[in-house]
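Presented below is the structure to which this report refers.
Chain A is the first sequence line, chain B the second, and so forth, proteins listed ahead of strands; every chain is numbered from 1. The basis for the numbers below is simple: all heavy atoms, side chains too, and nothing from hydrogens, waters or symmetry mates.
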Amino acid sequence: MATLFQHAVWKALEKIPSGKVTSYAALARYLETRAVRAVGSAVGKNPNAPQVPCHRVVRGDGTIGNYSGGEGVATKIRLLSQEGVEISEGKIVDFDTVFWEFTP
DNA sequence: TACATGACTATCC
DNA sequence: GGGATAGCCATGT
């Protein structure tokens, strides 16, 4: 059973536009919490994978982080690549440019 | 109820 | 600059 916290995370993910990425820290800040690890757990347990763009969430330093499903991180990289987010050596290229910051 | 774990981040060496 | 350590909150056992 998904908790309210998880629903809040998934709902926030849907706000991320195609071709952009965000970080767990930014997500946590938008949700007004410091539980970045809990956010990561919630995203990983997201039951609406195609509906929720969980692949658009990366680590704060621009690295991919982790992913569950398909071929794992490889799938995440491929999906981002298809949306116009270039990846190199497991890291986001021009991270500052493609980074999406949540806006109230 | 209490303990251990995790799709993380910040700090220290 | 890179690797290791500590801190963090929510979840699951």
Side-chain angles (χ1 to χ4, degrees):
Chain A
M1 178 54 187
T3 65
L4 199 139
F5 180 81
Q6 293 176 337
H7 275 293
V9 172
W10 301 331
K11 188 170 183 177
L13 290 180
E14 295 183 51
K15 293 177 174 296
I16 308 172
S18 179
K20 295 282 184 179
V21 298
T22 190
S23 69
Y24 297 94
L27 200 51
R29 186 174 58 180
Y30 171 72
L31 297 174
E32 295 181 311
T33 178
R34 306 297 178 219
V36 292
R37 302 197 56 169
V39 170
S41 295
V43 174
K45 289 166 186 160
N46 124 60
N48 306 316
Q51 185 178 344
V52 175
C54 47
H55 58 275
R56 291 180 191 152
V57 184
V58 298
R59 290 185 51 164
D61 59 353
T63 55
I64 298 304
N66 244 310
Y67 193 72
S68 297
E71 300 170 0
V73 178
T75 299
K76 184 169 182 175
I77 293 174
R78 191 184 312 128
L79 288 169
L80 289 173
S81 182
Q82 289 175 19
E83 295 181 353
V85 180
E86 197 173 352
I87 313 293
S88 178
E89 301 288 325
K91 287 168 281 191
I92 306 284
V93 179
D94 295 328
F95 185 54
D96 296 337
T97 304
V98 298
F99 183 79
W100 169 261
E101 189 168 355
F102 284 90
T103 54

B/dG6 P sits how many Å from A/Asn46 CG, rounded? 19 Å
Take the protein atom NZ of A/Lys91 and the nucleotide atom C1' of C/dG2, then report the distance between them rounded to whole Å. 11 Å
Are A/Val52 and A/Val73 connected in the hydrophobic side-chain network, where two residues link if heavy atoms are under 4.5 Å apart? no
Take atom NZ of A/Lys76 and atom P of B/dA7, then tell me their distance rounded to the nearest Å. 11 Å
Indicate if A/Val21 and A/Ile16 have the same hydrophobic cluster label, given that clusters are the connected sets of ILVMFWY residues with side-chain heavy-atom separations under 4.5 angstrom. no
Spacing between A/Trp10 atom CH2 and C/dA10 atom P, to the nearest angstrom: 16 Å
So what does A/Phe5 hit on the nucleic acid, given a heavy-atom distance under 4.0 Å: a base, only sugar-phosphate, or nothing? sugar-phosphate
Whole-Å distance separating the CG atom of A/Leu79 from the P atom of B/dA7: 19 Å
Distance-minimising heavy-atom pair for A/Tyr67 and A/Cys54: CE1-SG, 4.1 Å
Could you pull out all residues at least two apart from A/Arg78 that satisfy salt bridge (Lys or Arg N to Asp or Glu O under 4.0 Å)? A/Glu71
A/Leu80 has an atom CG; how far is it from atom C1' of B/dA7, in whole Å? 13 Å
A/His55 NE2 - B/dA7 P separation (whole Å): 19 Å
Applying salt bridge (Lys or Arg N to Asp or Glu O under 4.0 Å) to A/Arg59 and not counting sequence neighbours gives none
So if I take residues 15-39 of chain A and measure heavy-atom distances to DNA chain B, which residues fall below 4.0 Å? A/Tyr24, A/Ala25, A/Val36, A/Arg37, A/Ala38
I'd like to know if A/Ile87 and A/Phe99 are part of one continuous hydrophobic network [Ile/Leu/Val/Met/Phe/Trp/Tyr, side-chain heavy atoms within less than 4.5 Å]. yes
Between B/dC8 atom P and A/Tyr67 atom OH, what is the distance in whole Å? 14 Å
